[in-house]
Amino acid sequence: MSKDWNTRTKLVHEGIRRSQYGEVSEAIFLTQGFAYESAEQAEARFIQSGDDEFIYARYGNPTVRMFEDRIAALEGAEDAFAMASGMAAVNAALTSLLKAGDHVVSSRALFGSCLYILEEVLTRYGVEVTFVDGTDLEQWKAAVRPDTKAVFFESLSNPTLDVIDVKAVAEIAHAMGATVIADNVFATPIFSQAIALGVDVVVYSTTKHIDGQGRCLGGVVLGTKEFIRKTLEPYAKHTGSAMSPFNAWVMLKGMETLDLRVRAQAAGAQLLAEAFKDHPKVETVLFPGLPEHPQHELARRQMGSGGTVLSLVVKGGQPAAFKFLNALEIVTISNNLGDAKSIITHPATTTHQRLSDEQKETLGIAPGLVRLSVGLEEPADLIADIKNALKVI
Ligand SMILES: *Cc1c(COP(=O)(O)O)cnc(C)c1O
């Protein structure tokens, strides 16, 4: 569609397919199948289906396609394929590309389920995986080899908020001919410049900011037409990880307000980080929007923001962290993020529980670390709630 539209216009209008009724709000095509006018038409569509021709909802659906077109336009990607969840998207992006004997280099600081796919699933099928400290370019350089097929990282890591130098890592990977795959959830599609910085395949859990109101699971893989249609789609459509049309509709509606929400959440996160960085009960605040953060300059260049999530390390370890969480009145204890509601979690005992103490230490997941996803509440109320809860420590 219109390439010169600005972000907020794209978020509202891109990808719309209107039926003969001219509905204003996107229609939910809650159908698995599509009727053909003739046997010949069915045959032709299986050989090569056109832009507005669908076969079966596992392959594609008009509501899902509207979502795919909208997010592809936003990200500046040629094409997109929507998935049932963020993990289905991460898994398909990697598995559709790799085969036994291939080598992958990945940043170590990953969401627990991403780590499971790289450590437990891919290796079971003969893919070799080397983990590096994603913030250390020398480690990336030392790890890539001529047989490196892909590099993988979370551009902003969960929950320690390390910032990966996307452009530099992409250059190192491309020098070896490797495909760069980025899990871009924490950067959000609003602050992302992933494609422009050299990422080949961008993955989102749409469960997070894109829904943004805690309703549906979803994921999406973005890339070139060649990658999406020749590598990803054959794998995805035959292995059954399609996004439901209803969920795609929720995501379309979420995208209409995505820019407004993410910017408000990021502004809130910045205020909270500043309010608590010198608090006597807080050891450190991890947030790329603070000048104290080791990759503050990089974050500014790469995202123009510190993002919507911050982590606090409270003094007194896990017992103090638990007391603090239990004393919060507005902030909800849960493990989603990007939601309208502010959400807090204790990664060491929840999202990253599976890791050994040694792995947690390597990743900086301290016993006192809590991850706070800032919602849409008035920041002053959140600051008061957190201040009050810190008193119990
Ligand atoms: C949540 C999350 C995922 C997984 O997404 P789901 O939709 O829960 O499957 C993957 N990567 C990151 C960085 C996430 O935060």
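When a residue number appears, it is its place in the shown sequence, counting from 1. Order of appearance sets the numbers: ligands from 1, and atoms from 1 within every ligand.
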Any side-chain heavy atom of F287 sitting closer than 4.5 Å to one from Q270?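 Yes - at least one pair of side-chain heavy atoms lies under 4.5 Å apart.
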Quick check: do V151 and T179 have side-chain heavy atoms less than 4.5 Å from each other? no
Examine [X] against ligand 1 and note whether any of their N/O atoms are separated by less than 3.5 Å.
X    : answer
M87  : yes
S205 : yes
K208 : yes

Pull out every atom of ligand 1 sitting under 4.0 Å from any heavy atom of [X], numbered as shown with elements.
X    : answer
S85  : 7 (O), 9 (O)
E154 : 13 (C)
F186 : 15 (O)
G86  : 5 (O), 6 (P), 7 (O), 9 (O)

Just need the protein heavy atom nearest to atom 10 (C) of ligand 1, so name the residue and atom and give the distance.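 Result: D183 OD2, 3.4 Å.
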By salt bridge (charged side-chain N to carboxylate O under 4.0 Å, His left out), E274 pairs with (sequence neighbours left out) none
Looking at S342, is its backbone amide N or carbonyl O close enough to the side chain of E377 to form a donor-acceptor pair, meaning the two atoms are under 3.5 Å apart?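 Yes, the answer is positive, given that a donor and an acceptor are paired below the 3.5 Å cut-off.
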Does the pair [X]/[Y] count as a salt bridge with the N-to-O cut at 4.0 Å?
X    : Y    : value
R17  : D69  : yes
K341 : D339 : no
R124 : E120 : no

Answer yes or no for G218: is there a heavy-atom contact with ligand 1 below 4.0 Å?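 Right, G218 reaches ligand 1.
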